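In what follows, a single structure is set out as C-alpha coordinates and then discussed.
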Amino acid sequence: EPEVTQTPSHQVTQMGQEVILRCVPISNHLYFYWYRQILGQKVEFLVSFYNNEISEKSEIFDDQFSVERPDGSNFTLKIRSTKLEDSAMYFCASIPRVVDEQYFGPGTRLTVT
Amino acid sequence: AQSVAQPEDQVNVAEGNPLTVKCTYSVSGNPYLFWYVQYPNRGLQFLLKYITGDNLVKGSYGFEAEFNKSQTSFHLKKPSALVSDSALYFCAVRDIRDSNYQLIWGAGTKLIIKP
(Lines give C-alpha, C1' and ligand atoms only; values in the text may rest on other atoms or scores of the structure.)
Protein backbone atom coordinates (compact mmCIF):
# COMPACT_ATOMS: atom_id res chain seq x y z
CA GLU A 1 0.00 0.00 0.00
CA PRO A 2 1.43 3.40 -0.93
CA GLU A 3 2.38 5.65 1.95
CA VAL A 4 3.67 9.11 2.70
CA THR A 5 7.30 9.13 3.75
CA GLN A 6 9.23 11.77 5.65
CA THR A 7 12.91 12.36 6.26
CA PRO A 8 14.67 12.68 8.56
CA SER A 9 12.82 10.99 11.38
CA HIS A 10 14.61 13.18 13.91
CA GLN A 11 16.48 16.44 13.36
CA VAL A 12 18.43 18.26 16.02
CA THR A 13 19.50 21.80 15.21
CA GLN A 14 20.75 24.88 16.95
CA MET A 15 18.64 27.97 17.33
CA GLY A 16 19.01 30.25 14.33
CA GLN A 17 19.92 27.49 11.91
CA GLU A 18 17.96 26.60 8.81
CA VAL A 19 16.28 23.22 8.51
CA ILE A 20 14.59 21.49 5.62
CA LEU A 21 12.09 18.77 6.32
CA ARG A 22 11.32 16.47 3.44
CA CYS A 23 8.21 14.60 2.47
CA VAL A 24 7.33 12.31 -0.39
CA PRO A 25 3.54 12.29 -0.77
CA ILE A 26 1.65 9.46 -2.41
CA SER A 27 2.24 9.75 -6.12
CA ASN A 28 -1.26 10.42 -7.46
CA HIS A 29 -2.24 12.84 -4.70
CA LEU A 30 -2.93 16.45 -5.53
CA TYR A 31 -3.22 18.30 -2.23
CA PHE A 32 -0.42 18.52 0.28
CA TYR A 33 -0.25 19.72 3.85
CA TRP A 34 2.15 20.38 6.66
CA TYR A 35 1.07 20.16 10.28
CA ARG A 36 2.95 20.38 13.51
CA GLN A 37 2.30 18.90 16.91
CA ILE A 38 4.05 20.05 20.02
CA LEU A 39 4.65 16.97 22.13
CA GLY A 40 1.36 15.27 22.99
CA GLN A 41 -0.68 18.33 22.14
CA LYS A 42 -3.08 19.44 19.46
CA VAL A 43 -2.30 19.00 15.80
CA GLU A 44 -1.83 22.46 14.26
CA PHE A 45 -2.30 23.26 10.61
CA LEU A 46 0.60 25.07 8.99
CA VAL A 47 0.01 25.20 5.26
CA SER A 48 -1.78 23.61 2.35
CA PHE A 49 -0.37 23.36 -1.16
CA TYR A 50 -2.12 22.70 -4.43
CA ASN A 51 -1.19 23.18 -8.05
CA ASN A 52 2.33 24.24 -7.12
CA GLU A 53 1.32 27.05 -4.87
CA ILE A 54 0.26 27.71 -1.31
CA SER A 55 -3.52 27.62 -1.07
CA GLU A 56 -3.82 28.46 2.60
CA LYS A 57 -1.55 29.08 5.55
CA SER A 58 -2.05 29.56 9.24
CA GLU A 59 -0.79 32.37 11.42
CA ILE A 60 1.96 30.03 12.57
CA PHE A 61 3.32 29.92 9.04
CA ASP A 62 5.17 33.21 9.12
CA ASP A 63 8.01 34.50 6.96
CA GLN A 64 10.41 32.03 8.53
CA PHE A 65 8.57 29.17 6.88
CA SER A 66 8.42 28.21 3.23
CA VAL A 67 7.32 25.20 1.22
CA GLU A 68 8.38 23.88 -2.13
CA ARG A 69 7.64 21.06 -4.47
CA PRO A 70 10.97 21.10 -6.28
CA ASP A 71 10.19 18.08 -8.45
CA GLY A 72 7.30 15.75 -9.07
CA SER A 73 7.74 13.82 -5.86
CA ASN A 74 9.25 15.80 -2.99
CA PHE A 75 7.44 18.34 -0.84
CA THR A 76 9.64 20.29 1.54
CA LEU A 77 9.15 22.55 4.53
CA LYS A 78 11.95 25.00 5.26
CA ILE A 79 12.39 26.92 8.46
CA ARG A 80 14.92 29.66 7.83
CA SER A 81 15.98 30.55 11.34
CA THR A 82 14.77 28.09 13.90
CA LYS A 83 13.55 29.12 17.32
CA LEU A 84 13.27 27.03 20.45
CA GLU A 85 9.49 27.04 20.12
CA ASP A 86 9.75 25.38 16.70
CA SER A 87 10.58 22.14 18.50
CA ALA A 88 7.74 19.80 17.58
CA MET A 89 6.71 16.88 15.43
CA TYR A 90 6.09 17.95 11.87
CA PHE A 91 3.70 15.88 9.81
CA CYS A 92 3.21 15.92 6.09
CA ALA A 93 -0.11 14.77 4.64
CA SER A 94 -1.65 14.38 1.22
CA ILE A 95 -5.00 13.62 -0.36
CA PRO A 96 -6.09 12.68 -3.88
CA ARG A 97 -9.55 14.26 -3.70
CA VAL A 98 -11.48 16.54 -1.40
CA VAL A 99 -13.67 13.81 0.05
CA ASP A 100 -10.74 11.63 1.02
CA GLU A 101 -9.06 11.28 4.37
CA GLN A 102 -5.60 12.71 4.69
CA TYR A 103 -2.73 10.30 4.53
CA PHE A 104 -0.08 11.22 7.05
CA GLY A 105 3.60 10.54 7.05
CA PRO A 106 5.31 9.23 10.19
CA GLY A 107 6.55 12.69 11.09
CA THR A 108 9.87 14.41 11.71
CA ARG A 109 10.75 15.25 15.27
CA LEU A 110 12.51 18.60 15.25
CA THR A 111 14.51 19.53 18.32
CA VAL A 112 15.90 23.06 18.49
CA THR A 113 18.57 23.60 21.13
CA ALA B 1 -15.75 30.19 13.02
CA GLN B 2 -15.05 26.55 12.44
CA SER B 3 -14.10 24.53 15.48
CA VAL B 4 -13.96 21.07 16.96
CA ALA B 5 -14.39 20.28 20.63
CA GLN B 6 -13.30 17.15 22.38
CA PRO B 7 -14.56 17.86 25.85
CA GLU B 8 -12.64 15.13 27.63
CA ASP B 9 -8.86 15.29 27.93
CA GLN B 10 -8.82 11.67 29.07
CA VAL B 11 -11.22 8.75 29.08
CA ASN B 12 -10.63 5.69 31.24
CA VAL B 13 -12.39 2.43 30.42
CA ALA B 14 -12.00 -1.10 31.67
CA GLU B 15 -11.10 -3.71 29.09
CA GLY B 16 -14.19 -5.34 27.64
CA ASN B 17 -16.45 -2.39 28.40
CA PRO B 18 -17.90 -0.13 25.72
CA LEU B 19 -16.10 3.12 25.08
CA THR B 20 -17.17 6.52 23.80
CA VAL B 21 -14.92 9.42 22.86
CA LYS B 22 -16.89 12.58 22.33
CA CYS B 23 -16.59 15.14 19.57
CA THR B 24 -18.72 18.12 18.66
CA TYR B 25 -18.11 20.50 15.81
CA SER B 26 -19.07 23.85 14.41
CA VAL B 27 -18.90 24.66 10.70
CA SER B 28 -20.78 27.02 8.45
CA GLY B 29 -21.76 24.45 5.87
CA ASN B 30 -22.05 20.69 5.85
CA PRO B 31 -19.19 18.82 7.43
CA TYR B 32 -16.84 16.09 6.47
CA LEU B 33 -15.87 14.42 9.74
CA PHE B 34 -12.88 12.25 10.56
CA TRP B 35 -11.36 10.34 13.42
CA TYR B 36 -7.65 9.67 13.66
CA VAL B 37 -5.66 7.73 16.23
CA GLN B 38 -2.11 8.35 17.35
CA TYR B 39 -0.12 5.72 19.18
CA PRO B 40 2.87 6.82 21.27
CA ASN B 41 5.69 8.18 19.13
CA ARG B 42 3.79 7.40 15.96
CA GLY B 43 2.07 9.32 13.22
CA LEU B 44 -1.64 9.83 12.74
CA GLN B 45 -3.66 6.91 11.48
CA PHE B 46 -7.05 7.29 9.85
CA LEU B 47 -9.89 5.43 11.60
CA LEU B 48 -13.08 6.45 9.86
CA LYS B 49 -14.94 9.27 8.18
CA TYR B 50 -18.40 10.61 7.54
CA ILE B 51 -18.98 12.22 4.17
CA THR B 52 -22.62 11.52 3.41
CA GLY B 53 -25.15 8.73 3.69
CA ASP B 54 -25.67 6.58 6.77
CA ASN B 55 -25.15 8.41 10.00
CA LEU B 56 -23.42 5.39 11.52
CA VAL B 57 -20.03 4.78 9.98
CA LYS B 58 -17.76 1.86 10.68
CA GLY B 59 -14.01 2.03 10.57
CA SER B 60 -10.81 0.28 11.45
CA TYR B 61 -10.18 -1.87 14.53
CA GLY B 62 -13.90 -2.25 15.31
CA PHE B 63 -14.51 1.45 15.85
CA GLU B 64 -17.64 3.23 14.71
CA ALA B 65 -18.98 6.75 14.95
CA GLU B 66 -22.40 8.28 14.69
CA PHE B 67 -23.03 11.56 12.94
CA ASN B 68 -25.76 13.55 14.68
CA LYS B 69 -26.56 16.69 12.74
CA SER B 70 -28.96 18.17 15.25
CA GLN B 71 -26.43 17.84 18.05
CA THR B 72 -23.48 18.59 15.76
CA SER B 73 -21.69 15.59 17.18
CA PHE B 74 -19.59 12.74 15.87
CA HIS B 75 -18.80 10.53 18.84
CA LEU B 76 -16.43 7.62 18.44
CA LYS B 77 -17.55 4.31 19.91
CA LYS B 78 -16.47 0.72 20.31
CA PRO B 79 -18.60 -2.00 21.89
CA SER B 80 -15.76 -3.75 23.70
CA ALA B 81 -12.50 -2.00 24.49
CA LEU B 82 -9.07 -3.60 24.20
CA VAL B 83 -5.95 -2.60 26.09
CA SER B 84 -4.35 -2.02 22.69
CA ASP B 85 -6.90 0.71 21.99
CA SER B 86 -5.06 2.94 24.45
CA ALA B 87 -3.90 5.91 22.41
CA LEU B 88 -4.60 9.55 21.60
CA TYR B 89 -7.71 10.12 19.49
CA PHE B 90 -8.33 13.17 17.37
CA CYS B 91 -11.55 14.31 15.79
CA ALA B 92 -11.31 16.57 12.74
CA VAL B 93 -13.78 18.37 10.51
CA ARG B 94 -13.66 19.93 7.11
CA ASP B 95 -16.28 22.33 5.82
CA ILE B 96 -17.31 21.06 2.40
CA ARG B 97 -17.40 24.66 1.22
CA ASP B 98 -13.74 25.10 2.18
CA SER B 99 -11.88 25.07 -1.09
CA ASN B 100 -8.57 24.45 0.62
CA TYR B 101 -9.82 21.34 2.33
CA GLN B 102 -8.10 22.22 5.56
CA LEU B 103 -8.87 19.98 8.49
CA ILE B 104 -9.84 21.62 11.75
CA TRP B 105 -8.63 19.49 14.64
CA GLY B 106 -9.86 18.80 18.11
CA ALA B 107 -7.40 18.92 20.98
CA GLY B 108 -7.33 15.16 21.31
CA THR B 109 -8.58 12.71 23.91
CA LYS B 110 -6.28 10.28 25.64
CA LEU B 111 -7.97 6.91 25.89
CA ILE B 112 -6.71 4.59 28.59
CA ILE B 113 -7.98 1.03 28.65
CA LYS B 114 -7.22 -0.78 31.88
CA PRO B 115 -6.95 -4.57 32.03
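As the structure is a prediction and not an experimental result, all values here were calculated from the model. Proteins come first, then strands; the chains are lettered A, B, ... in the order of their sequence lines, and each starts at number 1.
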Measure distances from A:Y50 to the heavy atoms of chain B and classify the residue's part below 4.5 Å as side chain, backbone, both or neither. neither
In this structure, CG of A:N51 is separated from CZ of A:F32 (nearest 0.5 Å) by 10.0 Å
One pair to check against salt bridge (charged side-chain N to carboxylate O under 4.0 Å, His left out): A:K57 and A:D62. What are the steps and the verdict? CA-CA 9 Å; A:K57 58 184 180 180; A:D62 61 22; over 6 Å; no
Test A:F75 against A:E68 for side chain to side chain contact (heavy atoms under 4.5 Å, CB included), laying out the working first. CA-CA 6 Å; A:F75 179 49; A:E68 275 190 336; over 6 Å; no
Relative to chain A, which segment of B:L44 carries a heavy atom at a distance below 4.5 Å: side chain, backbone, both, or neither? both
Test your reading of the model: is there a side-chain donor-acceptor pair from A:S87 to the backbone of A:V112, 3.5 Å cut-off? yes
Just checking, any donor-acceptor pair under 3.5 angstrom between side chains of B:T109 and B:Q6? yes
Can you tell which part of A:Q37 gets under 4.5 Å to a heavy atom of chain B, answering side chain, backbone, both or neither? side chain
Identify which part of A:E101 has an atom lying under 4.5 Å from any heavy atom of chain B, answering side chain, backbone, both or neither. both
Report which part of B:Q38 has an atom under 4.5 Å of a heavy atom belonging to chain A: side chain, backbone, both, or neither. side chain
